[in-house]
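Predicted model, so just to flag it, every value in this text is computed and none were measured.
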Amino acid sequence: SIDATLATQTRPIIVVVALCFVAATSAIDSRAQSLIDEFARLPDPADDDLSERLRRRNDLSALVGSGGSWRSFETTVIIAAPLLTALIGSATSG
């Protein structure tokens with residue numbers, strides 16, 4: 001049937017799109033973290049300017065869009081949920 005053929009043909013495309021997303025997201029997150037670490041290092045806890053330096057680090061994190069692991073998880077769920085739904089749908093339709 002046409003549905004089974006279409007489902008079989010779309011599976012590899014969905015997997016490739018998902019892999020590209022994971023690779024791109026990982027590279028962007030890694031670069032954002034490198035920028036934060038370079039320009040706003042974590043201060044020594046005994047530093048008198050601790051609050052100000054942490055505020056600057058948080059501001060830079062917000063600016064580059066790095067929200068840490070929770071933000072990455074949110075983004076992954078938003079993007080991956082439709083891809084997984086399509087993959088499961090194509091796997092179960094044939």
Side-chain angles (χ1 to χ4, degrees):
S1 95
I2 294 173
D3 288 340
T5 303
L6 184 60
T8 303
Q9 292 174 348
T10 57
R11 274 186 224 141
I13 294 169
I14 293 168
V15 171
V16 168
V17 168
L19 290 174
C20 289
F21 167 75
V22 168
T25 301
S26 296
I28 291 169
D29 288 345
S30 175
R31 182 64 180 144
Q33 191 60 49
S34 294
L35 284 170
I36 293 166
D37 290 342
E38 181 178 343
F39 293 106
R41 295 186 188 279
L42 282 173
D44 182 358
D47 192 352
D48 292 336
D49 226 8
L50 179 67
S51 296
E52 176 63 23
R53 292 185 67 191
L54 287 176
R55 186 191 60 75
R56 282 193 307 229
R57 184 176 173 90
N58 288 336
D59 289 348
L60 182 59
S61 293
L63 184 66
V64 298
S66 174
S69 59
W70 179 251
R71 174 69 77 181
S72 295
F73 173 75
E74 286 178 327
T75 304
T76 301
V77 168
I78 289 169
I79 300 298
L83 290 173
L84 287 173
T85 302
L87 186 61
I88 292 168
S90 70
T92 58
S93 68

Could you list the donor-acceptor pairs under 3.5 angstrom formed by side chains in residues 15-27, with sequence neighbours left out?
residue	atom	partner	partner atom	Å
Thr25	OG1	Phe21	O	2.8
Ser26	OG	Val22	O	2.9

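- Atom CG of Asp48 has 12 or fewer neighbouring heavy atoms from other residues, nucleotides or ligands inside a 6.0 Å radius.
- Leu54 pairs by the side-chain contact (heavy atoms from CB on, under 4.5 Å) definition with Leu42, Pro43, Leu50, not counting sequence neighbours.
- Taking a 4.5 Å side-chain heavy-atom cut-off between Ile, Leu, Val, Met, Phe, Trp and Tyr, the cluster of Val64 extends to Leu35, Ile36, Phe39, Leu60, Leu63.
- Contacts of Asp37 classified as side chain to side chain donor-acceptor pair (under 3.5 Å), with partners at least two apart in sequence or in another chain: Gln33, Arg57.
- Under the side chain to side chain donor-acceptor pair (under 3.5 Å) criterion, Asp47 pairs with Arg53, not counting sequence neighbours.
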